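Chain naming here is simple, since letters A, B, ... match the order of the sequence lines and numbering starts at 1 in each. Bear in mind that the values here come from a model prediction, so they are computed numbers and not experimental data. The analysis underlying the following values was restricted to heavy atoms, covering all of them including side chains, and did not include hydrogens, waters or symmetry mates.
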Amino acid sequence: MGKARAIGARTKPPGAPAGAGVPRTKPNPNPFEVKVNRQKFQVLGRKMRHDVGMPGVSRARAIQKRNRTLLREYREREKSNVFRDRRLGEHSSSMSPEEKMARRFALEQQRQHEKKNIYNLNEDEELTHYGQSLADIEKHHDIVDSDSDAEDRGALSAELTAAHFGGGGPQRTSQQPGQEGERPRSRKELIEELITKSKQEKRERQAQREDTLELTEKLDRDWREVQSLLARKAPKPQDGDRVERPQPDAYDVMVRELGFEMKAQPSNRMKTEEELAKEEQARLQRLEAERVRRMLGQDAGEDTRRPTHVSVDDLHDGFVLDQDDRRPLTYRDGRMDVQQELSGEAGDGVQAEEEEGQDSSEEDAEDSGGSDGHSDLECEEEEEEAECEEEEQEGEQPEQEQRRRQTPSGQATGGGRDAREAAGAELPYTFEAPESSEDLKALLAGRSAEQQLLVVERIQKCHHPSLAEGNKAKLEKLFGFLLEHVGDLAADDPPDLGVVDKLVVPLYHLCQMFPGAASESVRFVLRNAMHEMEAAVEAKGRAAFPGLDVLVYLKIAGMLFPTSDFWHPVVTPALVCMSQLLTKCPVLSLRDAVKGLFVCCTFLDYVALSQRLVPELLNFLLGILYVATPNKPGQGYTLVHPFRPLGRNSELLVVSDEDDTATWQRKSLSLRWAGGQTAQTGTEANHTRLSCLAVCLALVKRCVLLYGALPAFHEVARPLRALLTQHLADPRHPPELQELCRSTLADMDAQGRRYRPLVCEKSKPVPLKLFTPRLVKVLEFGKKQGSSKEEQERKRLVHKHRREFKGAVREIRKDNQFLARMQLSEIMERDAERKRKVKQLFNSLAEQEGEWKALKRKKFKK
Amino acid sequence: MQRDPGPRGARRALGRLLEAVLASRGEANAVFDILAVLQSEDQEEIQDAVRACSRLFGALLERGELFVGQLPPEEAVMAGSQGATRKYRVWMRHRYQSCCNRLAELLAHPSFQVKELALSTLMKFVQLEGAHPLEKPKWEGSYLFPRQLLKAVVDGLLSLEEDRSLLLSQFREYLEHDDVRYHVTQAASDTVARVASGHPEVPLAFWNNAFTLLSAVSLPLQESDLANFYVKRTELSDKWKVTHLKEHRRAFQAMWLGFLKHKLPLSLYKKVLVIVHEAILPHLAQPSLLIDFLTRAYDVGGAISLLALNGLFILIHKHNLEYPDFYRKLYGLLDPSIFHVKYRARFFHLADLFLSSSHLPAYLVAAFAKRLARLALTAPPEALLLVLPFICNLLRRHPACRVLVHRPRGPELDADPYDPDEDDPAKSRALESSLWELQALQRHYHPEVSKAASVINQALSVPEASIAPLLELTAFEMFERDLKKGPEAVPLEFIPAQGLLGRPDDLCAQHFSLG
């Protein structure tokens with residue numbers, strides 16, 4: 001090392017004797033060392049990295065670096081082993097020799113311990129005595145003691161011999177030739193052998209223990225047999241397994257059951273009536289708010305929440321699930337149970353029904369009172385009225401809701417009681433879900449309304465979606481079949497409307513459970529009806545009023561789905577369908593008139609909440625009013641399709657007999673009229689005519705109230721007013737109708753005539769058109785232009801590579817020069833050495849010669 | 001023939017007779033036997049006989065064995081002392097004449113097959129006679145066409161008794177040929193004139209037949225097309241009238257004008273008006289001659305007026321017709337029934353055209369907009385979807401009318417200043433009014449109508465909404481469209497159903513009972 005340094009120092013260039021020592025940051029470098037790269041001209045913005053250089057310094061640094069790396073390699077080029085002193089603390093000067101010794105010992109101990117642990121399976125620590133394991137020593141003793149066993153334990157013979165001959169540790173034994181092995185085994189092999197042996201031993205011991213256990217068990221068994229003989233008891237079951245698992249003790253069972261029984265968990269307290277009512281009201285308010293939002297057409301994405309509401313609603317309703325809890329029990333446990341329960345419930349049901357009857361009568365009274373009051377209100381202020389109405393509804397709804405909640409169960413159990421009394425065991429308790437509408441019809445055929453309702457309910461409960469996998473699909477299908485069945489019932493001659501009336505309730509509940517499927521079914525029947533009508537219109541230019549079933553479908557659709565929505569997948573097509581009925585179907589008979597009026601009623605019920613305008617309805621009412629008057633040219637109104645001012649049916653509703661007018665009593669129209677029944681006496685027909693007229697007038701009145709607030713109300717009502725005036729002038733009408741006319745006209749007049757000019761909503765002024773700036777890349781000096789990004793990148797890399805390549809070549813060349821210099825200096829050093837040695841030899845020889853000569857001279861002198 | 005009855009035997013007998021007549025002139029009297037079968041009752045026999053006649057006279061015409069020129073009376077020739085050949089030819093020409101007469105009578109036969117066969121045979125004779133004319137040419141290369149025969153055919157087709165539309169549709173294929181068309185046009189105008197003057201009360205069937213025939217005549221638009229002749233000519237001469245489209249047009253015009261000047265039944269009126277703008281007007285030599293007819297139709301009122309609009313439009317638009325009070329009459333046409341009639345799409349299409357001019361006075365456009373808005377209060381939804389964009393387009397075209405939807409700082413009124421009963425749009429005071437009707441229709445039950453009506457709430461956008469796709473919209477299509485929208489989520493009614501008639505406060509429950 002020292003030599004190398006000397007060489008390095010010697011090879012330093014003479015111009016930079018102090019350069020190696022001078023740090024770069026020295027403020028005033030030697031001006032002779034500084035080399036300045038002169039610029040021919042200044043370029044603004046160009047960065048110069050190499051304007052000033054210190055070649056001496058950098059060369060010295062490079063040489064130093066080579067000394068550290070290349071020279072070393074060169075020196076060690078033919079040496080393969082290195083001596084490294086890795087004793088602990090050898091190079092640290094801070095430790096005292098004692099400390100070093102202590103550390104080293106500790107380390108050694110630790111190492112030994114770890115190494116032993118690898119194959120030391122049983123003992124935790126081995127004790128030593130003078131570096132020899134005590135266990136080994138003990139073993140040797142043992143082996144020596146049990147001399148006779150030596151042959152048996154052939155496996156240990158190596159150790160044995162070692163003990164006999166060696167007297168030393170295991171290291172010694174390894175060096176000695178073993179008895180059984182010709183060649184000397186290595187230490188590693190020995191150790192492995194040891195390990196396998198100890199493992200084997202362990203295994204054997206375990207096997208032995210198992211054997212012992214087995215034997216003990218066998219003994220026990222035998223003993224039990226013998227014992228049974230001894231005790232003279234009834235022979236126990238031969239099967240051993242059974243014996244092992246005897247029937248659990250009743251007491252144990254009870255204890256366990258008690259242990260596993262669900263602990264009473266803290267729950268919410270029972271809610272009081274008021275709280276329940278309040279919750280219910282809150283729920284209804286929320287639903288109402290949603291309804292209003294949809295009505296205004298402000299549909300947001302929150303609709304998705306709705307189905308969950310429904311399902312929760314469904315659960316709370318208690319109609320399906322509450323009973324469902326009890327139901328499976330009755331199936332499982334048998335018939336008697338059911339009977340008892342049913343009878344018990346039936347008793348309740350009777351009470352409930354009675355209460356309900358009272359309730360409803362009261363409510364009806366309330367309702368009528370309420371509606372009267374609100375009609376008064378309506379004339380005064382429309383908006384207040386709307387609020388009032390809503391409040392009123394909300395007030396009523398909780399009661400209604402409760403009542404309704406009772407209703408189904410009451411009906412169900414009431415039906416159950418009836419069924420029991422009438423049919424006894426006739427009505428089964430479980431039903432297969434119908435696979436087709438024929439199946440359903442077969443199930444329901446020949447049963448009374450209550451029974452049909454009961455059957456449907458039971459099907460519904462047997463196949464509640466929570467009970468089995470495919471039940472959902474079954475019930476979804478059930479809705480379609482039920483709807484079809486309802487249509488068939490309505491289309492029958494005479495229509496069985498009582499049953500339809502009852503079946504509406506399960507339809508509603510099924511619809512609540514499966515909105516998607518239900519809406520599909522309803523849309524399907526509506527589409528069929530429209531197809532038929534369209535085909536008729538295509539063929540003849542007009543269509544006949546459809547059967548009662550279509551009207552019933554429309555009515556039911558209005559009950560299953562919210563009719564006030566701005567757009568609804570079922571309700572909107574239903575509205576179009578009704579509009580078609582009113583515009584395309586001419587009124588050819590009294591039955592058509594009844595049907596048309598029913599459609600009008602349904603239509604008005606649809607728009608009752610949303611208060612939307614229905615021009616077709618007004619046209620139709622106008623037409624009905626017209627056909628109820630003797631034809632004479634009227635002013636101020638024009639009939640539109642399907643009514644004609646003159647023709648066969650243009651006096652359809654004119655009463656032919658004066659006496660019938662006198663005997664007429666106002667009562668509601670029967671839907672049977674709209675159905676198949678045709679036979680009517682003249683008086684009946686006249687009465688129906690008057691009833692139709694009464695309904696028509698009532699609807700007109702309703703429309704007036706509904707549309708009174710519209711800006712163009714008077715234009716809408718102009719033709720109606722003209723015809724009503726005509727009617728009023730007709731003295732042949734019964735006084736009740738005249739009164740109705742008069743009040744309607746009064747209502748019309750009461751509507752304010754305010755015509756506020758229309759003004760558009762202010763919209764934001766449209767901003768002037770601006771041109772967005774065009775972005776162009778600024779050309780930069782020194783960059784490669786005119787190629788794509790990839791190309792530029794490639795060029796950059798090529799450039800870099802070339803530069804690096806050149807640098808590397810230069811480095812290699814310099815290394816070679818350095819090495820050559822080194823070799824030369826070595827050679828010169830060697831030569832100088834030789835010269836010196838030769839000189840020394842000559843010197844010594846010359847000295848010898850001199851001495852010899854001197855001696856010789858002395859001899860001669862002597 | 002009497003000896004072996006049965007259709008096959010009869011046919012064979014006829015064939016034998018035919019052979020005999022064609023083979024030698026001596027057997028010529030057998031023609032009487034063939035002609036006698038034409039009078040038969042049995043339709044099979046008649047058909048056989050017609051076929052036989054067709055072959056017989058077809059062959060004779062081709063051989064030129066019929067007398068050419070003015071036909072002398074039969075007795076005179078027979079008694080006279082001309083040559084036997086001439087006698088034979090005259091005699092045979094007389095047989096041919098009677099055969100043609102019988103065939104024309106057969107056009108009224110109850111069986112359609114017979115009619116069809118008779119027609120095709122007659123037309124075959126027409127073709128052969130055209131190729132081998134039976135009259136002497138007046139000068140070299142003069143144009144000859146069997147007009148008499150064709151006239152007989154046309155007379156047979158235009159029956160007074162029954163509707164021959166099926167036969168006429170068969171005849172339509174002959175009308176493809178230019179010469180046949182030309183002569184049929186002439187023959188038809190003669191026939192119509194003769195029948196209309198001859199009968200005090202012309203039956204409906206005749207008018208229908210005539211209309212079917214007349215409407216089947218369609219002229220080509222370019223002259224170069226006139227080369228498709230039924231009677232094959234070796235070369236066409238410029239001197240012939242039949243080669244000029246102008247002559248065709250003249251004949252066509254004469255035919256239609258002759259037809260239209262009579263008092264037509266109402267249903268036919270409509271049919272004529274439906275086709276007048278595309279089938280008649282473009283082919284007339286002088287389209288302005290139809291003005292009288294169209295104005296008369298326009299004055300009738302109702303649907304006929306609507307239909308006359310189309311023809312009038314073409315006259316006004318292309319032929320410079322000045323029609324006084326046209327817009328006033330158009331305004332008068334607007335009544336509630338226009339939304340329900342069949343021709344709604346056509347009417348609104350035309351009304352859109354008439355009102356598209358930006359030079360119309362604002363009061364007029366305002367009156368139309370207001371009137372339509374008023375009528376919209378009684379319209380079904382599919383019509384509303386058409387008429388609402390229509391009104392908005394009017395307002396867009398005429399910015400002066402925007403006061404109808406935007407009148408800031410206007411006084412509040414007690415009544416609508418617009419007078420719906422006024423006939424004159426200028427006096428209807430529509431410009432002082434506002435379209436409150438559209439505001440009311442914003443509460444329409446159908447969401448799309450409501451949206452369409454709500455357009456007026458904002459300042460109207462500049463581009464017009466095209467009403468072309470809305471013209472033919474039907475309620476059924478609307479229904480299907482609503483159904484197709486598909487339910488993402490179906491909201492449900494939260495008030496449980498109780499019964500079929502609904503809650504007790506529902507109208508249904510109040511006015512109807514189940515019992």
Side-chain angles (χ1 to χ4, degrees), chain A residues 287 303-304 306 310 364 367 371 404 497 500-501 504 508 512 515-516 519 523 527 530 534 559-562 566-567 569 572-573 575-576 579-580 583 598 601-602 604-605 607 612-616 619 638 640-641 668-671 695 710-712 715-716 753 755-761 763, chain B residues 335-337 340 374 377-381 404-408 410 412-416 434-437 439-441 443-447 456-459 475-476 478-479 482-483 485-487 489-500 502 504-508 510-515:
Chain A
L287 290 174
D303 273 23
T304 46
R306 175 96 197 183
V310 170
D364 284 355
D367 279 358
S371 61
R404 266 174 233 133
L497 293 174
V500 174
D501 189 38
V504 166
Y508 175 80
Q512 293 284 318
S519 71
R523 285 147 60 100
R527 186 191 297 240
M530 275 298 269
E534 177 68 13
M559 283 187 283
L560 300 184
F561 302 102
F566 185 69
W567 186 82
T572 309
L575 285 171
V576 175
S579 143
Q580 283 295 93
T583 46
F598 184 73
C601 278
T602 314
L604 276 179
D605 280 340
V607 297
R612 297 193 183 281
L613 180 65
V614 190
E616 299 89 323
N619 290 343
T638 321
V640 297
H641 197 79
S668 51
L669 280 169
S670 166
L671 266 185
V695 169
L710 284 182
E715 281 70 50
V716 173
R753 290 173 174 273
Y755 289 89
R756 196 171 296 135
L758 297 180
V759 174
C760 292
E761 284 167 17
S763 57
Chain B
D335 73 343
S337 63
H340 299 272
R374 196 51 79 80
L377 286 178
T378 63
L404 288 182
V405 291
H406 181 64
R407 195 193 299 276
E412 191 166 308
L413 305 167
D414 285 340
D416 195 344
S434 281
L435 293 179
W436 290 289
E437 292 85 358
Q439 206 181 16
L441 283 173
R443 302 297 307 273
H444 194 271
Y445 67 89
H446 199 271
I456 61 158
N457 283 348
Q458 265 83 35
F476 188 65
M478 279 177 71
F479 177 81
D482 282 336
L483 277 189
K485 267 187 190 170
V490 186
L492 292 172
E493 178 66 50
F494 59 86
I495 300 172
Q498 283 167 304
L500 182 59
D505 54 338
D506 277 357
L507 284 170
C508 284
Q510 280 172 16
H511 299 304
F512 285 89
S513 66
L514 294 176

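- Of the inter-residue distances, the one linking B/L441 atom CG with A/R612 atom CZ reads 12.0 Å to the nearest 0.5 angstrom.
- In this structure, the portions of B/H511 lying under 4.5 Å from any heavy atom of chain A include both its backbone and its side chain.
- Side-chain atoms of B/R374 do not come within 3.5 Å of backbone N or O of A/E715 as any donor-acceptor pair.
- Considering CZ of B/R407 and CG of A/L758, their distance stands at 9.0 Å, rounded to 0.5 Å.
- B/P491 places none of its side-chain heavy atoms less than 4.5 Å from the side chain of A/F561.
- Counting heavy atoms from C-beta outward, A/R527 and B/F479 have side chains that approach closer than 4.5 Å.
- In plain terms, the two heavy atoms of A/E616 and B/P381 that are nearest each other are OE2-CD, 2.6 Å.
- When all heavy atoms of B/L507 and A/D605 are compared, the pair lying nearest together is N-OD1, 3.0 Å.
- Rounding to the nearest 0.5 Å places CG of A/N619 at 6.0 Å from NE2 of B/H340.
- Interface residue A/Q580: only side-chain heavy atoms are found under 4.5 Å from chain B.
- Interface remark: A/L575 contributes backbone and side-chain atoms alike to the contact with chain B (heavy atom separation under 4.5 Å).
- For B/L404, the part sitting under 4.5 Å from any heavy atom of chain A is the backbone (N, CA, C, O) and nothing else.
- One distance of note links CG of B/L492 with CD of A/Q512; it measures 5.0 Å at 0.5 Å rounding.
- Atom CG of residue A/L613 and atom CG of residue B/L377 lie 7.0 Å apart, to the nearest 0.5 angstrom.
- Both the backbone and the side chain of A/T602 come within less than 4.5 Å of a heavy atom in chain B.
- Nearest approach of A/C601 to B/C508, heavy atoms of both residues: CB-SG, 3.5 Å.
- B/I456 and A/C760 make their closest contact through O-SG, 3.6 Å (heavy atoms, listed as atom of the first residue, atom of the second, distance).
- Under the 3.5 Å distance criterion, the side-chain polar atoms of B/W436 are matched with a main-chain donor or acceptor of A/R756.
- Heavy atoms of A/L710 lying under 4.5 Å from chain B belong exclusively to its side chain.
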